[in-house]
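Have a look at the structure below before the remarks.
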Amino acid sequence: MKDYKLVLAEILANVVEMKKEDIEDLIEVPTNKDMGDFSFPCFRFAKILKKSPNAIAAEFAKKIERPDFIEKIENVNAYINFYLDKEELIKTVLDKVFDEKENYAIEQKKDKGNIVIDYSSPNIAKPFHIGHLRSTVIGNSLYRIFEAIGYKCISVNHLGDWGTQFGKLIVAYRLYSNKEEVENKGIEELLRIYVKFHEEAKKDPSLENLARENFTKMEQGDEEALSLWKWFKEISLKEFERVYDILGIKFDSLNGEAFYNDKMDAVIKELDAKNLTKISEGAKVVEIEDMSPCLITKKDGSTLYATRDITAALYRQNMYNFQKCIYVTALAQNLHFAQFFKVIEKMGYKWAEDLVHVPFGMVSMENGSISTRNGNVLLLEELLTEAINKTKQIIKEKNPKLENKDKVAKEVGIGAIIFDDMYNNIIKDIHFSWEKVLNFDGETGPYVQYTYARANSVFCKSGMKIEDIDNNIDVSKITDELSMALIKEIGKFSDIIQEAAAKYEPSIIARYVVNLAKSFNKFYHENSILVDEPNLKKARLSLVVGAMYSIKNALWLLGIKAPKQM
RNA sequence: GUAUCUAUAGCUCAGCUGGAUAGAGCAACGCCCUUCUAAGGCGUGGGUCCGGGGUUCGAAUCCCUGUAGGUACGCCA
């Protein structure tokens with residue numbers, strides 16, 4: 001919204017002995033709307049002026065020149081409260097909404113520079129389960145949020161397609177499977193033999209050594225090992241793409257860990273040349289103060305996770321010249337990121353400070369933590385299918401005549417899952433519960449989508465075309481509190497996106513869109529929209545359409561569709 | 001042991017760049033569809049903001065400390 005705060009600070013600076021920047025910091029938005037749109041607390045002047053805060057506030061309040069956009073200035077105790085002029089406020093918000101229309105609050109220019117976002121990044125040869133969902137939907141949302149404030153984003157799916165696990169898989173394949181089984185059953189068979197490997201390795205630890213040997217062979221370019229690896233990777237990618245399609249997510253780069261195989265040598269040499277490496281217990285490490293050392297190579301010379309991440313960061317900086325490089329991974333990986341960010345800093349690269357780890361909490365199942373090895377997993381597709389089926393059932397009950405039932409059920413069911421994942425601060429752990437995730441009442445994705453569908457429905461019944469709805473309305477027609485509350489909520493959208501970006505927190509968008517939907521539902525409940533009086537009808541329809549643009553775009557920022565009917 | 005995250009209503013959580021009576025949703029109970037989609041709206045009950053210090057005119061919010069739980073800590077990713 002227009003920067004009223006700044007203007008108020010300038011006006012206050014004429015009365016209060018303080019820099020306008022400091023005044024601006026002091027001005028706050030009251031928690032209770034009865035106390036105005038902005039308020040200025042005067043407690044801190046008591047000491048200097050040797051008067052009571054209440055007296056000071058009263059004195060200041062008298063001296064302030066009221067600007068046009070302020071309807072009323074009121075002194076309550078130690079506060080000076082400012083009430084925005086309603087007509088001014090309506091005009092300001094609607095001007096912006098109808099100037100930008102379907103792009104409302106979403107910046108179209110991408111001229112602030114590049115941001116690389118590394119997310120999803122599942123491990124090849126393991127099925128896509130609900131544990132992978134978080135990184136995927138959070139990363140996708142951050143991508144859209146940063147694009148919405150004017151950055152060009154590059155999404156990277158840093159596939160876990162390299163590492164000792166492939167040594168394990170190769171061993172497991174040779175011992176427990178064959179070509180036909182893998183071709184027929186795909187990733188399911190790969191999972192089976194992976195689990196089997198871990199069972200057997202408990203009894204016979206030499207299998208682990210065999211696995212390591214096979215990975216080393218891969219790193220040395222052994223053709224047989226590599227062709228198996230390639231085959232496993234293709235099978236996995238097919239499955240992942242199916243899941244990404246359902247979620248509507250695309251990546252700009254699929255450069256996984258293997259992509260950096262031929263680029264790590266140069267980086268290790270650079271580390272050596274900068275005198276950062278040491279040999280410790282046979283491994284090559286970079287020592288870091290106040291942290292355990294970062295391992296660069298194992299004693300057999302093969303590389304590790306950190307080696308590939310350091311190499312990838314250097315490559316990305318070189319390739320994209322990023323303003324930020326964001327990693328969306330579990331909180332449990334905190335140390336790893338702290339370590340390799342520090343290594344890059346030690347290498348003398350100033351852009352190390354542009355590397356950002358966005359950590360999220362763990363998902364656990366009702367019967368303990370998720371473990372692919374133990375088979376305690378819920379496949380994402382199973383969850384999505386369940387949600388879609390539940391939605392179909394509800395549609396059958398509530399809106400049996402709906403067209404495109406399947407399409408809508410898909411959008412709503414998936415919306416429910418995505419929304420649920422991002423409604424709380426991402427740092428919170430999630431204890432998965434069918435009951436919770438399949439509840440579509442209250443503060444949920446379907447609630448917001450339903451609100452949108454209602455708004456669309458009433459708009460359609462008006463018989464107006466979208467072009468007929470604009471900001472050219474009789475502002476005096478809108479007077480009630482609920483309409484004003486809706487306008488204010490719509491007007492907040494841009495600030496909310498800024499906040500979500502600054503905090504790397506999609507839940508801020510999710511919370512916002514729920515408040516917006518609540519606001520709309522109250523407005524809708526109390527005010528008839530399709531009234532006879534044409535000017536009133538037009539004014540109210542402007543609010544309906546403004547709410548629709550806002551809800552649709554906010555859902556889009558979360559990666560959720562807004563069906564027109566449901 | 002060290003680091004890190006979390007602790008607010010029965011449950012799940014907002015609020016945490018300090019401010020005016022601590023907010024939602026779920027669950028429970030009650031009301032509102034001959035009127036624009038009831039996946040909705042309204043109402044009722046429900047709180048030592050984990051404990052203890054400190055800073056401040058003012059602390060759920062900042063600092064210190066303790067407690068409880070989660071997670072990570074060299075050749076996995």
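A, B, ... follow the sequence lines: proteins, then strands. Residue 1 opens every chain.
A:Thr31 comes within 4.0 angstrom of sugar-phosphate atoms only, judged by non-hydrogen atoms across all strands, and of no base. Counting non-hydrogen atoms under 4.0 angstrom, A:Asn425 reaches the backbone sugars and phosphates but no base. Backbone-only engagement by A:Leu335 is indicated by non-hydrogen atom pairs under 4.0 Å involving sugar-phosphate atoms exclusively. Heavy atoms of A:Val285 sit under 4.0 angstrom from at least one base atom. Backbone-only engagement by A:Met362 is indicated by non-hydrogen atom pairs under 4.0 Å involving sugar-phosphate atoms exclusively. Among the atoms of the strands shown, base atoms are found under 4.0 Å from some heavy atom of A:Ser457. Heavy atoms of A:Tyr423 sit nowhere under 4.0 angstrom from any nucleic acid atom. Within 4.0 Å (heavy atoms only), A:Lys461 reaches sugar-phosphate atoms of the nucleic acid but no base atom. Residue-level contact check: A:Ala283 touches the bases, meaning some heavy atom is under 4.0 Å from a base atom. A:Phe440 comes within 4.0 angstrom of a nucleotide base, judged by non-hydrogen atoms across all strands. Within the nucleic acid shown, A:Ser280 comes within 4.0 Å of at least one base atom, counting heavy atoms only. Residue-level contact check: A:Gln565 touches the bases, meaning some heavy atom is under 4.0 Å from a base atom.
Applying the 3.5 Å distance criterion, the base of B:A20 shares a donor-acceptor pair with the side chain of A:Asn81. Side-chain atoms of A:Asn32 and base atoms of B:U21 include a donor and an acceptor less than 3.5 Å apart.
One finds no salt bridge joining A:Lys5 and A:Glu24 here, because no Lys/Arg side-chain nitrogen approaches an Asp/Glu carboxylate oxygen to under 4.0 Å.
The side chain of A:Val458 lies closest to B:C36, out of B:G74, B:A72, B:C36. Which of B:C16, B:U21, B:A20 sits closest to the side chain of A:Ser39 comes down to B:A20. When distances are taken from the side chain of A:Lys299 to each of B:A72, B:C5, B:C75, the shortest belongs to B:C75. Comparing atom distances between the A:Lys428 side chain and each of B:C76, B:A7, B:C73 picks out B:A7 as nearest. Distances from the side chain of A:Tyr524 to the nucleotides B:A38, B:C13, B:A77 place B:A38 closest.
Proximity of A:Thr164 to the phosphate of B:C76: a side-chain N or O atom is located under 4.0 Å from OP1 or OP2. Of the side-chain N and O atoms in A:Tyr305, none sit less than 4.0 angstrom from OP1 or OP2 of B:A72. The phosphate of B:C76 (OP1 or OP2) has a side-chain N or O of A:Lys298 nearer than 4.0 angstrom. Put simply, A:Lys398 has a side-chain N or O that comes within less than 4.0 Å of OP1 or OP2 on B:A39. A close approach under 4.0 Å does occur between a side-chain nitrogen or oxygen of A:Arg308 and OP1 or OP2 of B:A77. Within the structure, every side-chain polar atom (N or O) of A:Lys168 is placed at least 4.0 Å from both OP1 and OP2 of B:C76.
The gap from the P atom of B:G23 to that of B:C16 amounts to 14 Å, rounded to the nearest Å.
Within 6.0 Å of CG in A:Asp290 there are 12 or fewer heavy atoms belonging to other residues, nucleotides or ligands. By the 6.0 Å contact criterion, NZ on A:Lys477 is enclosed, its count of non-hydrogen atoms from other residues, nucleotides or ligands being greater than 12.
Residue A:Leu26 comes nearest to A:Pro41 through the heavy atom pair O-CD, 3.5 Å, listed as atom of the first residue, atom of the second, then distance.
A glycosidic torsion no more than 90° from 0 defines the syn conformation, and B:C33 adopts it.
In this structure, A:Glu287 atom CD and B:C75 atom C1' are separated by 15 Å, rounded to whole Å. Following rounding to the nearest Å, A:Asn334 (CG) and B:C5 (P) show an atom-to-atom distance of 7 Å. Per the geometry, CG belonging to A:Asn515 stands 9 Å off C1' belonging to B:A14, to the nearest Å. One interatomic measurement links the two molecules: CD of A:Glu281 to C1' of B:G74, which rounds to 7 Å at whole-angstrom precision.
At least one donor-acceptor pair closer than 3.5 Å links the side chain of A:Asn527 to the backbone N or O of A:Phe523. At distances below 3.5 Å, at least one donor-acceptor pair connects side-chain atoms of A:Ser52 with backbone N or O atoms of A:Ala55.
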